[in-house]
Structures are given as structure tokens and as C-alpha cells.
Amino acid sequence: MSRQELLSPEGLRVDGRRANELRRISCRASVLNSADGSAYYEQGNTKVLVAVYGPREPRNRSLTQHDQAAINVEFNVAPFSTSERRKRSKGDKRLLEISSFVKQTFEGAIQTAIYPRSQIDIYIHLLQHDGGTLEACINAATLALVDAGISMVDYVCACTAGFVDDTPVLDLNFVEESSIETPDLTVAILPRNGNIALLQMESKLHSSKLEDVMELAIEGCKHIHRKLDQAVLATANDLAEKLSH
Amino acid sequence: MASLVLSPAEQDFIIRGIEKGFRGDGRGNLDRREVTLRTGMISQASGSARCRIGNLGVGTDVLVGVKAEVNAWTPGEPEALGSVVCNVECSPSAAQEFEGRGAEEINVELTQLLDRVIGGGSQGADGLDLSALCIIPKQAYWVLHVDALVLDVRGSIADALVMAARAALLDTRLPRVVVETITDDSGATQAEFDVVDDAEDLVALQGVSGLPVAVTFNQVGKRYVVDASEQEEAVTQAKLTVAVSPALEICAIQKGGMFKGFQPSLLSEILQTAQRIAKEELTRFAALYEEAAKHKEQQSDGPSTGSTFLVAF
């Protein structure tokens, strides 16, 4: 694979963005009528659809916990999502790992003690893959959970960041992620107190650079938080308008 | 399918109502529900469509993406034909029992059904011009992967699948292929092809308008209904899916499920009705697809083509 220039001398990336620019984000809650909560989230060309069901009776009696809700996450990648069509089996390790990350992230954010002996299901569908899968899943799931009315401590906002040619770059797309030299850091925070809910990094990054990259990612998270908040407000206004007639 | 528990009183109510020609939502036995269709929402796929069958915004919801790939020919395959491969996946958001491996059985059943109707099973597709998908005989051909994702099931899943697949194939645009024949020194000709890498230079598929539509008949009590809701499916005795092409030829018939059988005398009546209903459905589909194309035009100004999910569907 030819080595593309990920950051041009003028400071532009492969898709024309600057190093600290996020991709365009559009999102909407309440997109599936039969789910308790749902959300559609687009970040650049990465498109994720999430359906949330719950709290409801657990399917497996063995998963019931007497003092809190059990969270179940299933991550489904559509075969047409990548540029080369590929069907993943349900037991694919990468998929299971992402489901597990999402579950752990939300276990800290959802107030599970309010819903004992029940199950909250989060079904994530990746419709188009262009980098930033985990971040898109977490952001979309947050929106869907808020739409479902499930009690949470705070929003969970995630963002990726990397390091190209001595510059921290924000929000990597597929081309940048797949380049072997670019480290890929995913951070999810709870915006109000700034606590980190998820931190994951692949590839090497010098420890002196870590702080800069993390700071950039956290800035990105805060921006995403505003976007998600706007989407929630839009849905609430929409509902209020419909109820007032 | 998704299990629905109905009390004996509800079951009786539905059966007796259908015998008199009244259904739960006020339709007649042969009336179908509203269909909403949108295309082009997955920009990375060669074609895509989303179809919902149901009134008031709640219903069976299917998303189909078509991806085209070039395959190298291997001996044993048809020499001058492309191929269509279907795949259906039911999401757990449709029913809780589809979690994990729970949907395997129904995925296989629906995949085979879609393959039979759209791909023509092992005989080659009805309608779709497979020879137009061949790039160089005995060397390379296009294979179309039709992947369906079922987001919600409220009865009539086969009809929704076929309709969405049809729309997605109509929406599919393949890159143009340039074929060159080179004669080398010994006089032998060799053909080479090159896929044009221009996002604007695309060709549509040929023969898609010849694809069939599926109509599902459910026998409830002594009568049968078309486009059953999930409550009606729960009291169905026998289910028959008939695929009819625009030329009003019967392309595929499948009796589904583990229900009881039905009277053979009903069969000829059902087939006749299927042809009549299919004609109406095809006209409706054409109108819906045109509306979907108009929506796609309106949304194509921005870089995002997630139109059906960002706007009320």
C-alpha cells in the first residue's frame, strides 16, 4: 500500500480537514418506532444506528442481578458497510471486543441500581465504516439511551485522536486509522466532571506526546457533547410541539 | 417468527372477523398496508433501499444494501454469466429471540427465499440480465451481493424483503468497465478489462424491472388474507408466498412454516388472486420508487446521504 501523505505541508489532511477539526456530525434520536429508544449518528462517512430496549425482563434468568440492571450490548456490522464487502460471523472477536467496551463504558454511566432484576439491551448496527467505530457507537448509544428515558449520570461522549508528523490530529478516518504509523487513541468522557469512562490506544506513541493527544481528544469530546445535547433538545421540542396540539 | 402470545378469545376474534371480511385494523382481506420506500442512503454501497410496510409509521422495516464485486471465473461456473448472492440478517431489535445465535434459522430461511425470488435459485435470475453482468467470458464477472438487514418485523416479512431488494437493485449503479482485446505475437487474443474509477461514470443494471414482486397469503380459518399483521400471523394455519413477475408469470412459490396444510382447491384461487394483486403492487411500487428517487435528489446536496434516518421516515 503506497504511503499517502496524511498531513500535507499546508496542514491539510486527506479529506481537506485541518489537524484539529472534527468531521461533520449529524445525529437524530427516535428513528425506529418500535424500539424504546433509538438514535442514528453520522460522523463524516461513518454511520451508526442504535436501538435500545429496556429496562425489560431478562431473557436469561441467569443474568438477573438482584440489585442492578444487566446491560447487554450486541454489535452488528452490516456486510455492505466496508468498501470491500465482508460478512462477519456473530462470534467475531473484534465485534465482541467492541461490544464489551461499550458495555463497560455504560455500566459506569447508567444508574443501574434504579432498575434491579431487569435487562437493558443496546443493539448497535454499523451501516457504513469510515474510521472511528468505537467513538460513533458510544455517542450513538448515549443518544439512544437518553431517548429511551434510561437514567444516566451524564452523557458519555467519545472521540478519537492520533499523531501524524509531530502534530496531534483529531478524529481519524479510515485511511488515517489503517496507516501503521498513526497511533489511534479513543477517549470517552463524562463531560460534566470530565471523568474518563473509556481509554484505549493502539500502536506506539511516545509518552511525552500522550498528554497533548489526550487533551485534543477531550476537546473533541466536549464539542460532541454539545452536538448530542442539541439533538436531545430537538427531539424534546418536537415531542412538546406534538403534545401541545 | 417473533412469537406473539394471544389469548383464545383474541384468536377467536381474529378468525371470526376474517371470515366475515373484517380485519383488526379495518382492512379488507385483500387490502395491503401502506408502504414507505427510500433509496440511496448508504453511499458506500452500489445501491441501497429501505422499505417499511405498515400503517402509521410502525411496521416491518427492512434495509438492503447491494455491493458489486469482480470475481475471477473458475471452471465449473457458467461461462458468460454474472451472479447474484443474497444474504438476510435479522437484527435483535426486531425480536428479543434474535439475539446472539437465535436468528440463525430464520436468517437461513429468509436468505433462501430471497435467493429463490431475486436470484432465481440455481437456475439463474428471472428478469435480471445476468449475461450483462459478465465482463469477459471465462475470465471475470460481476457478482452482486444483496445484503438485507431486518430492523423490525410486524408481519409480511417476505413481501418487504423482496420489495426492498427490488428497489435496491433498481438503485444500483455499477462502475463502467472497459474491455480491451490484445492480440499477441502468436496470434492468440487476450482480453483485459479495466474498471473506470470515476464516481460520475456509472451504469445501471439491466433487466431489474423484470424482477418479481412477492405476495404472501395467510390462511386464517376458512379464508385467506394478504399482508398479514403479526397478530394474524399468530393464528395462521398455512402461509404461501407467491412471486409474480411484471409479465404476470409465477416465478416462485413457497409454503412456509410448520402450520397445517391447506386445501389444494384453494391453490388455483390463490394463484389467480396473486397475479391480480401483483399487478396492483407493481404499479404501486413504480410510484413509490419515483417518490423515493425524488427524495434522494433533494437530499443529495449535502455530503451525508443518511436521509431516511435523519428525516422522519
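Residue numbers begin at 1 in each chain, while the letters A, B, ... track the order of the sequences.
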Checklist outcome for this item: Closest non-hydrogen contact found for A:Phe80 with B:Ile42 is CE1-CD1, 3.7 Å
Checklist entry - Could you walk me through whether B:Leu63 and A:Leu127 pass the side-chain contact (heavy atoms from CB on, under 4.5 Å) check? => result CA-CA 10 Å; B:Leu63 174 65; A:Leu127 299 178; 3.6 Å; yes
Checklist entry - Heavy-atom distance under 4.5 Å to chain A: side chain of B:Glu99, backbone, both or neither? => result both
Next on the checklist: Rounded to the nearest 0.5 Å, what separates atom CG in A:Asn33 from atom CG in B:Leu56?
Outcome noted: 10.0 Å
Item to check | Portion of A:Ser38 that has a non-hydrogen atom of chain B nearer than 4.5 angstrom | outcome: neither
Next on the checklist: Tell me if the CG atom of A:Asn237 is crowded by more than 12 foreign heavy atoms within 6.0 Å.
Outcome noted: yes
Item to check | Heavy-atom pair count under 4.5 Å with chain A, highest-scoring of B:Ala45, B:Ser46, B:Gly100 | outcome: B:Gly100
Next on the checklist: Do A:Glu74 and B:Ser91 have side chains that approach each other closer than 4.5 Å (heavy atoms only, starting at C-beta)?
Outcome noted: no
Next on the checklist: With side-chain contact (heavy atoms from CB on, under 4.5 Å) as the criterion, how do A:Leu32 and B:Asp152 come out once you've worked through the C-alpha distance, each side chain's angles and the decisive distance to 0.1 Å?
Outcome noted: CA-CA 9 Å; A:Leu32 292 176; B:Asp152 201 4; over 6 Å; no
Checklist entry - Under a 4.5 Å heavy-atom cut-off, does chain B meet the side chain of A:Ser81, its backbone, both or neither? => result backbone
Checklist entry - So which heavy atom on A:Arg59 is nearest to which on B:Gln96, and how close? => result CD-O, 3.7 Å
Checklist entry - Just by distance, do the side chain of A:Gln128 and the backbone of B:Gln44 share a donor-acceptor pair under 3.5 Å? => result yes
Checklist entry - So, the side chain of B:Glu69 versus the backbone of A:Glu84: is there a donor-acceptor pair under 3.5 Å, distance only? => result no
Next on the checklist: Under 4.5 Å from any heavy atom of chain B, what part of A:Asp130 do you find: side chain, backbone, both or neither?
Outcome noted: neither
Checklist entry - Just by modelled atom types, is the A:Arg86 backbone N or O under 3.5 Å from a matching donor or acceptor in the B:Lys67 side chain? => result no
Item to check | Atom group of A:His129 that falls short of 4.5 Å from chain B, counting heavy atoms | outcome: backbone
Next on the checklist: Keeping A:Tyr53 on the side-chain end and B:Ser93 on the backbone end, is there a donor-acceptor pair under 3.5 Å?
Outcome noted: yes
Checklist outcome for this item: Here the gap from A:Lys87 atom NZ to B:Asp147 atom CG, rounded to the nearest 0.5 Å, amounts to 8.0 Å
Next on the checklist: If you define the side chain from C-beta out and look only at heavy atoms, does anything of B:Asn87 sit under 4.5 Å from A:Pro79?
Outcome noted: yes
Item to check | Heavy-atom neighbours of A:Glu57 CD exceed 12 at 6.0 Å | outcome: no
Item to check | A:Asn76 and B:Glu89: side chain donor to acceptor below 3.5 Å | outcome: yes
